[in-house]
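Single-structure report; data block below.
Note: hydrogens, waters and symmetry copies are ignored here, and every other heavy atom, side chains too, is used. Every value quoted in this text rests on a predicted model; they were computed, and no experiment measured them. Position 1 is the first residue of the sequence, and the numbers go up from there.
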Amino acid sequence: MSQASALDEFERLRPRLFGIAYRMTGAAGEAEDLVQDAWLRWQGTDHDVVRNAEAFLVTTVTRLSINAVTSARATRETYIGPWLPEPVSTVDDPALGAVRAEALEMAVVLLLERLDPRERAAYILREAFDYPYREIARLLETSEANARQLARRAREHVGRERRSSVDPDERARVMTAFVAAARAGDLEALEAALTADVVSISDGGGIVSAARVPMTGRDKVARFVLGAVTKFAVGSYPLLVECNGGPAVLMVRDGKPDTLLSFDFSQETQRRGAPEGAAGISRLMFVRNPGKLTHLEALIPPVDPTSDGDD
């Protein structure tokens, strides 16, 4: 294989490699670094002896990701306040290089953080990229039976923590109602969009102001949201964006991302004033750590220099 062909093959697989690394680490910047490490190893390999470029590169980035996740656990223990994944835009690639957009939602990436790195890898490779267990076993240097066991345990963990899925149109409707109620300062309407056991998690990384502990319960969370709107909305504006395969709200201040609000939905909990089985927001995730928002600057439309700001 020529150097040009090797480069073409790597670029073809880059979205898949990034998708694996991002789902494993929950950090876009770290995922890019891991893909770059894989590229350096690919450059230093005798391509004539590589029978399957995809197998080589996927194996490389998966094992690099497992090592990175293992090393990051000690760092996460000293993280100031709750940790949330770094949001990533999926406007151009809704599945982020995968066969299916599994393990991509912020809430799922957060759940995977609690898993053993090998369980996480088995789940991602199977559920998002549809690799056969035989191939997963080879990647993880284990037996096919154990690869199945790793993926099964991961699925069970995610299944216990997550409830029934919610139709995308219903998600959009509930989120729109939530945003309208927050902007209007309507506490009752805001509570109607939330499940009774809703959880709010804020990640400031100790860099900017953010709640240091999660909040639980419809009333507490609704009042917290209204307080946050009063405190932080002045001088900023909301922008509806697509991150991690779903709708989110990006607060923009001085032309820069200030806060990314992501949602998780559930149909399981009865909501005040809502019919049985209606969808509601079960988790709010406020990402305020500036280092986790830099990748979202591209989502902010450029300011028209001819505009007088009155439109």
Side-chain angles (χ1 to χ4, degrees), residues 12-39 54-55 57-73 75-76 83-133 135-140 147 150-162 165 201 203 242-246 248 260 262-264 283 285 287 292-293 295-296:
R12 181 183 72 82
L13 292 167
R14 182 186 288 273
R16 170 160 295 207
L17 302 178
F18 178 83
I20 292 170
Y22 173 76
R23 287 169 170 85
M24 285 291 296
T25 63
E30 189 170 1
E32 288 177 349
D33 290 342
L34 292 170
V35 172
Q36 181 63 21
D37 284 348
W39 162 245
E54 179 177 339
L57 288 167
V58 168
T59 298
T60 299
V61 85
T62 299
R63 292 178 183 174
L64 286 171
S65 297
I66 289 173
N67 291 337
V69 167
T70 303
S71 300
R73 288 199 161 183
T75 304
R76 298 273 164 84
W83 179 91
L84 287 172
E86 179 181 347
V88 62
S89 170
T90 47
V91 172
D92 297 325
D93 185 358
L96 211 62
V99 175
R100 297 185 293 268
E102 293 297 319
L104 184 55
E105 295 177 24
M106 288 274 285
V108 177
V109 178
L110 182 60
L111 288 175
L112 294 180
E113 173 73 10
R114 305 175 192 170
L115 294 177
D116 172 87
R118 286 159 57 83
E119 290 178 347
R120 195 184 312 187
Y123 179 89
I124 289 166
L125 292 168
R126 180 63 180 177
E127 300 302 320
F129 295 90
D130 200 29
Y131 280 104
Y133 287 113
E135 183 68 8
I136 295 171
R138 186 192 64 78
L139 282 165
L140 300 181
L150 290 169
R152 182 187 63 78
R153 285 202 298 262
R155 277 196 302 272
E156 288 177 351
H157 172 79
V158 173
R160 282 194 302 268
E161 296 288 339
R162 303 207 78 206
S165 60
I201 305 172
D203 178 350
E242 181 185 309
C243 286
N244 293 73
L260 189 284
S262 184
F263 306 83
D264 195 21
R283 193 188 313 258
M285 291 158 283
V287 180
K292 295 185 176 183
L293 298 174
H295 283 80
L296 302 185

Validation: residues 105-113 side-chain donor-acceptor distances under 3.5 Å, sequence neighbours left out:
from	atom 1	to	atom 2	distance (Å)
Glu105	OE1	Arg162	NH1	3.4
Glu105	OE1	Arg162	NH2	3.0
Glu113	OE1	Arg76	NH1	2.8
Glu113	OE2	Arg76	NH1	2.5

- From Glu127 CD over to Arg155 CZ, what is the distance, rounded to the nearest 0.5 angstrom? 5.0 Å
- Any chance you could measure Met24, atom CE, to Leu115, atom CG, to the nearest 0.5 Å? 9.5 Å
- Contact summary for Ser262 and Ala248, nearest pair of heavy atoms: CA-CB, 4.4 Å
- Are Ile66 and Leu140 side-chain neighbours, meaning at least one heavy-atom pair lies under 4.5 Å? yes
- Query: How long is the gap from CZ on Arg283 to CD1 on Ile201, to the nearest 0.5 Å?
  - Reply: 5.0 Å
- Message: Quick check against the 3.5 Å criterion: does Glu86 have a side-chain atom that pairs as donor or acceptor with the backbone of Ala28?
- Response: yes
- Listed once per pair and sorted, the salt bridge (Lys or Arg N to Asp or Glu O under 4.0 Å) pairs that draw on residues 25-35, sequence neighbours left out: none
- Query: Does anything in residues 16-29 pair up under side chain to side chain donor-acceptor pair (under 3.5 Å), and if so which pairs, sequence neighbours excluded?
  - Reply: Arg16-Glu54, Arg16-Tyr131, Tyr22-Asn244
- Message: Can you tell me how far apart CD (Glu135) and CZ (Arg126) are? Round to the nearest 0.5 Å.
- Response: 12.0 Å
- side-chain contact (heavy atoms from CB on, under 4.5 Å) against Asp116, all qualifying residues, sequence neighbours excluded: Arg118, Glu119
- Got a donor-acceptor contact below 3.5 angstrom from the Asp203 side chain to the Val287 backbone? no
- What one should report as the nearest heavy-atom pair of Val99 and Phe129 is CG2-O, 3.6 Å
- Item | Shortest non-hydrogen contact from Ala147 toward Ala122 | O-CB, 4.2 Å
- Student check: side-chain heavy atoms of Arg153 and Leu150 closer than 4.5 Å: yes
- Query: Atom CG of Leu139 and atom OG1 of Thr60: how far apart are they, to the nearest 0.5 Å?
  - Reply: 9.5 Å
- For Thr90, the side-chain contact (heavy atoms from CB on, under 4.5 Å) test, sequence neighbours excluded, returns Leu96, Leu104, Glu242
- Query: Do the side chains of Cys243 and Val88 get nearer than 4.5 Å, heavy atoms only?
  - Reply: no
- Query: So how far is it from Arg152 CZ to Tyr123 OH, rounded to the nearest 0.5 Å?
  - Reply: 14.5 Å
- Message: Show, in sequence, the C-alpha distance, side-chain angles and deciding distance for Thr59 and Arg138, and conclude whether the side chain to side chain donor-acceptor pair (under 3.5 Å) test is met.
- Response: CA-CA 9 Å; Thr59 298; Arg138 186 192 64 78; 2.9 Å; yes
- With sequence neighbours left out, write down each residue that passes ring-ring contact (aromatic ring centres under 6.0 Å, His included) with Phe263, or none if nothing qualifies. Phe178
- How far apart are the closest heavy atoms of Ser65 and Ala21, and which atoms are they? OG-CA, 3.6 Å
- Item | Atom of Thr62, atom of Ala121 and distance for their closest heavy-atom approach | CG2-CB, 4.2 Å
- Closest contact, heavy atoms only, Leu57 versus Ala38: CD2-O, 4.2 Å
